[in-house]
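Structure record follows, encoded as structure tokens.
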Amino acid sequence: NFLRAGMDPEEAVETVSSTLALRGDTGASTTIDLLSVDLYTGRCRMLKQGAAPTYIRREGKIRVAGGTSLPAGLVTGDAARPDSHSLRGEAGDWILLLTDGILCGREDSWLQELLLGYQGTEPGELAGKVLAASQDLWEGEDDATVIALRLEENRP
């Protein structure tokens with residue numbers, strides 16, 4: 001609702017985090033992983049509050065956008081600031097957002113290899129492959145979600 005009302009994304013994330021913290025509810029924390037993509041300029045902005053890393057594949061290389069912020073609702077004020085990452089997206093880029101249940105706190109070399117080796121063009125297929133590989137490795141130890149995004153040139 002904050003974003004729809006025109007609030008700056010970073011301010012919206014900080015407001016949600018501080019509001020949850022001020023409520024004082026036990027267990028009232030959550031991770032926030034926000035990706036905005038300007039479809040005209042390709043500018044991508046990621047805000048992460050206690051969220052798992054985001055993986056970006058470009059031209060055979062992987063960039064990992066992580067952070068050190070705590071989940072929303074645990075802190076207020078300056079400590080409620082999300083980790084922020086920006087990049088200019090290019091045609092052919094892949095972006096993977098995932099929950100912590102994909103890695104279950106373990107190493108990510110299998111994920112990076114899978115992302116580097118994927119030759120398809122379907123985001124749903126890639127997300128399914130990541131989810132299936134995670135489930136095979138960690139046997140459903142935690143709930144898991146994957147969102148895959150592929151940037152393409154604007155078509156006439």
Is the side chain of [X] donor-acceptor paired with the backbone N or O of [Y] at a distance under 3.5 Å, no angle test?
X      : Y      : answer
Ser69  : Gly50  : yes
Ser134 : Val130 : no
His85  : Leu47  : no
Ser17  : Gly73  : yes
Trp138 : Ile102 : yes

Do you know which two heavy atoms are closest between [X] and [Y], and how far apart they sit?
X      : Y      : result
Asp83  : Gly67  : OD2-CA, 3.1 Å
Pro9   : Leu34  : CB-CD2, 3.7 Å
Ala65  : Ile56  : CB-CD1, 4.3 Å
Ala12  : Met7   : CA-SD, 3.4 Å
Leu114 : Ala133 : CD1-CB, 3.9 Å
Ile95  : Cys44  : CD1-SG, 4.2 Å

Contact check, side chains of Leu97 and Val146, non-hydrogen atoms, under 4.5 Å:
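With C-beta onward as the side chain, the pair stays apart.
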Is there a side-chain contact between Val13 and Thr15, using heavy atoms and a 4.5 Å cut-off?
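A side-chain contact is absent here, since even the closest heavy-atom pair is not under 4.5 Å.
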Between atom [atom1] of [X] and atom [atom2] of [Y], what is the distance when rounded to the nearest 0.5 Å?
X      : Y      : atom1 : atom2 : answer
Leu98  : Leu103 : CG    : CG    : 6.0 Å
Gln49  : Ile32  : CD    : CD1   : 5.5 Å
Leu115 : Lys129 : CG    : NZ    : 12.5 Å
Leu131 : Thr145 : CG    : OG1   : 7.5 Å

I'd like to know if Tyr55 and Leu137 are part of one continuous hydrophobic network [Ile/Leu/Val/Met/Phe/Trp/Tyr, side-chain heavy atoms within less than 4.5 Å].
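Leu137 clusters together with Tyr55.
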Give the cluster check for Ile62 versus Leu87: same hydrophobic cluster or not, with ILVMFWY residues linked at side-chain heavy-atom distances below 4.5 Å.
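No, separate clusters.
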Pairs involving [range], ordered by first then second residue, that meet salt bridge (Lys or Arg N to Asp or Glu O under 4.0 Å) (sequence neighbours left out):
range            : answer
residues 138-149 : Arg106-Glu141
residues 5-21    : Asp8-Arg45, Glu10-Arg45, Glu10-Arg81, Glu14-Arg81
residues 47-74   : Asp33-Lys48, Arg58-Glu90, Arg58-Asp93

List the steps, then state whether side-chain contact (heavy atoms from CB on, under 4.5 Å) holds for Asn1 with Leu3.
CA-CA 5 Å; Asn1 289 335; Leu3 297 175; over 6 Å; no
Contacts of Asp100 that satisfy salt bridge (charged side-chain N to carboxylate O under 4.0 Å, His left out) - sequence neighbours left out
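Not a single residue meets the salt bridge (charged side-chain N to carboxylate O under 4.0 Å, His left out) criterion with Asp100.
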Which other residues end up in the same hydrophobic cluster as Tyr40, if Ile, Leu, Val, Met, Phe, Trp and Tyr are linked when side-chain heavy atoms come under 4.5 Å apart?
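Its cluster mates, by chain and number: none.
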Give every residue pair that meets the side-chain hydrogen bond (donor to acceptor under 3.5 Å, both in side chains) criterion with at least one member in residues 109-122, sequence neighbours excluded.
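Every pair satisfying side-chain hydrogen bond (donor to acceptor under 3.5 Å, both in side chains) with a residue in residues 109-122: Glu107-Ser109, Asp108-Gln112, Tyr118-Glu125.
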Determine the sole option in Thr54, Val64, Leu126 for which the side-chain contact (heavy atoms from CB on, under 4.5 Å) test with Leu96 is passed.
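Option passing the side-chain contact (heavy atoms from CB on, under 4.5 Å) with Leu96: Leu126.
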